[in-house]
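One structure is given below, encoded as structure tokens.
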Protein chains: 4
Amino acid sequence: MINQQDVETFFHECHHTAKEGKVASYIPALARVNPDTFAISILTKNGEKLEYGDVRQTFTLQSISKVLAFLFALENFGEEKVFDKITLDPKGDPFNSIMGFQSTTEGNVYNPMINSGAIVICAMIAEEYGEQALSKVMSFIKKLTNDETIYVDVEVFDSEKSTAYRNRAIAYFLQDAGIIADTNVALDLYFQLCSIAVNVEAIARIGAILANKGYEPVSEIQMVSDSNVKMVNAYMLLSGMYDASSKFAIKVGVPAKSGVSGSILAVVTDKMGIGILSPPLDERGNSVAGIRLLKKLSDEWDLSIF
Amino acid sequence: MINQQDVETFFHECHHTAKEGKVASYIPALARVNPDTFAISILTKNGEKLEYGDVRQTFTLQSISKVLAFLFALENFGEEKVFDKITLDPKGDPFNSIMGFQSTTEGNVYNPMINSGAIVICAMIAEEYGEQALSKVMSFIKKLTNDETIYVDVEVFDSEKSTAYRNRAIAYFLQDAGIIADTNVALDLYFQLCSIAVNVEAIARIGAILANKGYEPVSEIQMVSDSNVKMVNAYMLLSGMYDASSKFAIKVGVPAKSGVSGSILAVVTDKMGIGILSPPLDERGNSVAGIRLLKKLSDEWDLSIF
Amino acid sequence: MINQQDVETFFHECHHTAKEGKVASYIPALARVNPDTFAISILTKNGEKLEYGDVRQTFTLQSISKVLAFLFALENFGEEKVFDKITLDPKGDPFNSIMGFQSTTEGNVYNPMINSGAIVICAMIAEEYGEQALSKVMSFIKKLTNDETIYVDVEVFDSEKSTAYRNRAIAYFLQDAGIIADTNVALDLYFQLCSIAVNVEAIARIGAILANKGYEPVSEIQMVSDSNVKMVNAYMLLSGMYDASSKFAIKVGVPAKSGVSGSILAVVTDKMGIGILSPPLDERGNSVAGIRLLKKLSDEWDLSIF
Amino acid sequence: MINQQDVETFFHECHHTAKEGKVASYIPALARVNPDTFAISILTKNGEKLEYGDVRQTFTLQSISKVLAFLFALENFGEEKVFDKITLDPKGDPFNSIMGFQSTTEGNVYNPMINSGAIVICAMIAEEYGEQALSKVMSFIKKLTNDETIYVDVEVFDSEKSTAYRNRAIAYFLQDAGIIADTNVALDLYFQLCSIAVNVEAIARIGAILANKGYEPVSEIQMVSDSNVKMVNAYMLLSGMYDASSKFAIKVGVPAKSGVSGSILAVVTDKMGIGILSPPLDERGNSVAGIRLLKKLSDEWDLSIF
């Protein structure tokens with residue numbers, strides 16, 4: 001059922017929709033990317049690899065790094081310590097709410113899939129490992145991707161760091177509340193992780209591990225624990241696609257995380273990992289052609305976990 | 001892996017936790033139920049049935065009826081008409097929110113898994129079918145459950161109807177906003193559906209159909225469409241367990257819907273449907289022992305969809 | 001300084017601005033009023049009366065009745081009992097808020113100047129006096145206005161009652177929360193008070209009493225207590241002009257309450273009471289020409305209490 | 001009616017209530033103040049001065065500086081330019097709200113009486129005057145107070161600046177939204193103004209000018225415009241006492257602004273200005289004994305503007 005021909009056909013069917021989106025432009029390094037870039041890489045549970053398009057093109061992880069920081073924290077600090085600061089209940093409907101009016105907004109405070117929670121995670125890592133923090137996380141990502149060439153794009157890092165007034169506001173708020181110890185330390189790691197350069201193959205491999213209870217498909221070595229994988233996948237399904245998360249869950253039905261570089265990490269539980277790159281974004285910050293291609297694959301290959 | 005012995009062992013392990021909860025007491029008919037009642041019924045995709053405990057005990061659907069009304073509406077009115085009034089995006093994280101503060105509360109307005117949205121769905125059905133509305137939905141449920149004995153518990157209906165000031169507030173608000181035409185008409189159907197009496201076997205059968213792309217496991221007849229099933233399952237995962245929905249998704253990992261009668265409908269995609277009854281509720285309105293038993297089953301039988 | 005010639009000049013200067021507004025149309029009785037109607041009546045602390053325009057035209061009190069119900073409750077039940085249910089702190093800025101985001105919305109719950117709080121006040125009166133409630137409040141108003149001809153406009157009452165889905169929603173919410181005992185009883189009195197027909201002279205007299213520590217200017221008899229007057233005036237300044245209350249306080253600087261009939265009650269402490277009628281409303285529900293005329297009077301006669 | 005004997009009697013009656021409060025302790029300079037310090041200074045419209053207690057004790061303006069920065073901006077930039085960034089409508093009740101639930105929190109965004117709006121005002125001043133900003137505002141305050149000895153307390157300034165994570169969060173949020181140009185520049189001026197050291201006599205003099213349409217009582221020279229005075233007084237009444245503003249307006253009835261140094265500026269329109277110092281604060285951040293003494297003066301001398 002899963003076959004290279006479909007990948008190529010769907011790829012060409014969806015490519016033109018990129019025109020409906022806009023490349024992120026808040027920093028120069030993101031703005032000057034070629035909007036026609038389009039790439040997909042799939043790694044199945046059985047180690048089969050399908051890919052098409054600009055698969056060697058590197059891009060920065062941006063918000064996909066939230067998944068990796070969260071997973072790193074769970075693996076290294078354990079569930080209890082992480083959930084001491086991060087909510088186990090990213091969103092919830094109060095029993096008997098009137099149209100959601102009383103819906104507490106505290107629900108997604110410190111959700112590791114959005115900026116505030118990811119900054120808290122980065123602070124935890126930075127506070128634990130000090131100057132080793134970045135290299136620790138980099139080693140973890142290199143191991144997962146089996147790719148020693150990944151690196152921090154310093155130009156992107158510098159740009160992110162100098163323009164991120166809103167993230168700085170969030171971090172100072174967290175510091176005021178006593179949740180994090182030092183805004184600058186937390187944000188440095190946060191922006192470094194956002195600026196890690198990878199390609200779609202690396203993303204697909206991460207997705208395959210998350211789809212396979214933590215086992216690397218080819219070597220069958222367990223890289224991360226099954227229970228941590230389940231948690232990360234659940235968070236992605238609940239809130240990995242920004243404001244469109246629920247709609248994506250309902251319409252596509254797989255855990256996924258997108259980044260403003262136009263990248264998407266998708267996890268098809270028990271089947272495959274998928275990495276996609278197409279820079280133009282819709283108004284909610286998700287890759288237009290990337291979502292279209294995932295919807296097509298889900299419909300045609302029956303990938304929904306529901 | 002799935003076996004009767006486990007069911008009985010886990011059942012006894014979890015039964016005592018019911019003591020931590022409280023039976024709903026806002027109407028007499030719910031308050032006088034035996035808190036020790038405990039029942040589970042499982043129907044697998046292959047038609048295998050496992051059950052234990054008070055499996056003949058009837059109880060009212062309460063909020064589980066939200067799933068059935070939503071599914072009925074999707075089947076009879078089509079996706080487009082339903083989503084004209086019901087949000088496709090029950091919850092979402094705005095891109096770049098500060099700790100969720102700007103999180104629009106409009107997100108879960110009209111979510112069919114909570115009261116406001118379910119009242120909208122009931123209004124749609126009542127406005128379309130008039131006096132036939134209840135019998136239409138009853139026929140649908142009888143077909144799904146293959147159980148002709150289900151009925152509306154009139155005592156529960158009368159009690160619900162006369163005490164539901166909050167639901168009446170919600171409905172008048174919807175009528176003021178022009179979303180529904182008539183508060184009394186919508187609420188009558190809403191309370192009738194909440195008051196439908198069933199047993200756990202009926203719930204398990206509904207769950208099995210939802211776990212099996214809409215096909216009844218034994219007869220292999222398709223009862224509802226695959227795409228509607230996927231949508232209903234996604235909504236259940238996102239918001240079927242009230243305020244604890246996300247936590248349940250992360251910790252147990254299956255679509256489920258609970259009712260204040262202490263009942264839970266759980267859908268293990270591609271594997272089985274589960275019906276559970278244990279009346280004592282936790283502070284979020286979910287059956288204490290029911291959640292415990294589902295967690296145990298998920299952990300031991302590896303049921304999580306993530 | 002205060003003189004009839006100014007009143008007439010300013011009246012004609014402001015009359016045309018009524019064209020910028022729209023007459024309330026949610027019930028027929030309000031919709032068919034003549035939009036050109038314009039009247040002002042002033043009663044000074046010294047008993048001097050100035051008036052101009054359609055001063056015999058009757059109109060319904062609408063939200064101006066909130067002031068009278070609140071004052072009636074304070075006079076008859078005492079401050080302590082009233083503030084057991086009504087907030088003493090209608091609005092507040094939390095110390096150190098971030099842009100008001102954490103601003104609790106509970107602040108104006110049960111503010112007697114807006115619908116929810118006025119319904120609570122009506123429930124208190126109705127629960128205390130039963131079937132005598134309306135006649136008790138009517139007697140109070142007749143005494144204040146020295147006008148035995150005021151009456152409940154039954155057509156307006158019937159229309160209000162049958163279309164007020166939002167007020168019904170509010171009242172059921174209050175009943176659910178245990179704040180009021182019976183939605184229908186509370187709303188009946190609420191709509192009766194809204195439907196009391198008066199003219200601008202009656203309003204001016206009420207205003208003069210409120211401007212004069214509770215003493216009727218001509219007879220110099222104390223009608224209500226000084227401390228209750230101060231409280232009612234403060235509430236009017238803080239929230240008597242709906243969403244435009246603060247702007248009105250800053251720009252005009254006198255306690256005032258408006259109604260959707262296009263009427264305004266203004267209190268110039270230690271100087272005079274003013275009643276105005278001009279039915280066309282701005283988008284915030286206040287009389288366009290009425291606000292214009294009050295601003296003109298405040299600027300020219302230096303009426304601001306600041 | 002206004003007499004020194006009352007001042008002394010009420011002073012002693014209220015002094016002990018300071019024990020119910022707590023001195024602000026977030027920076028050392030505030031924490032080590034003597035909690036028994038208590039001082040009042042009154043300057044009437046006619047130039048009469050009454051004072052008692054530790055009237056030479058200096059303290060930092062803290063939030064009272066918000067009033068002066070706002071007044072400075074109005075005087076120097078004009079109403080139009082200031083209200084381009086600062087809301088004219090600090091708070092408002094939406095027409096027909098359900099219990100205030102839809103009450104927009106944007107209402108008090110940029111209210112110059114709370115931190116966010118005061119930071120915006122400081123940014124405007126700093127952007128206009130650059131390095132001259134502080135000396136410009138200092139000259140203004142020295143002129144108003146006729147006190148050349150006022151100075152910036154550098155120790156307080158340094159402490160405020162290094163600990164103010166929440167204000168830094170607010171400012172970065174404003175910079176992200178394009179409301180202010182530079183967080184550090186705006187906050188430097190903001191903290192400098194908070195750190196200006198004065199005594200109660202200076203505060204009373206400012207209050208007297210605000211109570212007297214902008215005229216200095218003794219010299220009868222107009223220091224600021226009448227219309228700006230009215231606006232500043234209205235803002236103080238609406239939101240000068242933090243979360244207790246409405247309650248204070250209802251119970252005491254005069255425009256006032258408090259600071260965490262335990263100081264209060266009160267304006268009795270057309271009568272007098274009052275400066276009070278008593279460091280222990282209630283849980284809303286207002287001087288306990290200061291509020292008590294103002295309430296007593298208002299009750300006994302009939303000072304309420306309502």
For Asn212(D), enumerate each residue passing the side chain to side chain donor-acceptor pair (under 3.5 Å) test, keeping only those at least two apart in sequence or located in another chain.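 Expected list: none.
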
Going by the side chain to side chain contact (heavy atoms under 4.5 Å, CB included) test, name the single residue among Leu237(C), Asp226(C), Val229(C) that passes it with Phe306(D).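 With Phe306(D) as partner, side chain to side chain contact (heavy atoms under 4.5 Å, CB included) holds for just one option, Leu237(C).
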
Would you compute the distance between atom OG of Ser239(C) and atom CG of Leu238(D) and round it to the nearest 0.5 angstrom?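 One finds 10.0 Å between OG of Ser239(C) and CG of Leu238(D).
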
Name the region of Asn286(C), side chain, backbone, both or neither, that has any atom closer than 4.5 Å to a heavy atom of chain D.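 Interface part for Asn286(C): neither.
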
Chain C contacts, top residue of Asp302(D), Val267(D), Val232(D) (heavy-atom pairs, under 4.5 Å):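 That would be Asp302(D).
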
Might you point out which heavy atoms bring Thr269(D) and Ile305(C) nearest each other, and give the distance in Å?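 Smallest heavy-atom distance, with atoms named: OG1-O, 3.1 Å.
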
Nearest heavy atoms of Ala249(C) and Ala234(D), plus distance in Å: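 Closest approach of Ala249(C) to Ala234(D): O-CB, 4.0 Å.
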
For atom NZ of Lys295(C), decide whether the heavy atoms of other residues, nucleotides or ligands shown that lie under 6.0 angstrom number more than 12.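 Counting other residues, nucleotides and ligands, NZ of Lys295(C) exceeds 12 neighbours.
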
Using a 6.0 Å cut-off, check whether atom CZ of Phe77(D) has over 12 heavy atoms from anything other than its own residue.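 Counting neighbours around CZ of Phe77(D), more than 12 heavy atoms of other residues, nucleotides or ligands fall under 6.0 Å, so yes.
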
Should Lys230(D) and Asp299(C) count as an ion pair when the cut-off is N to O under 4.0 Å?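 Judged by the 4.0 Å cut-off on N to carboxylate O distance, Lys230(D) and Asp299(C) do not form a salt bridge.
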
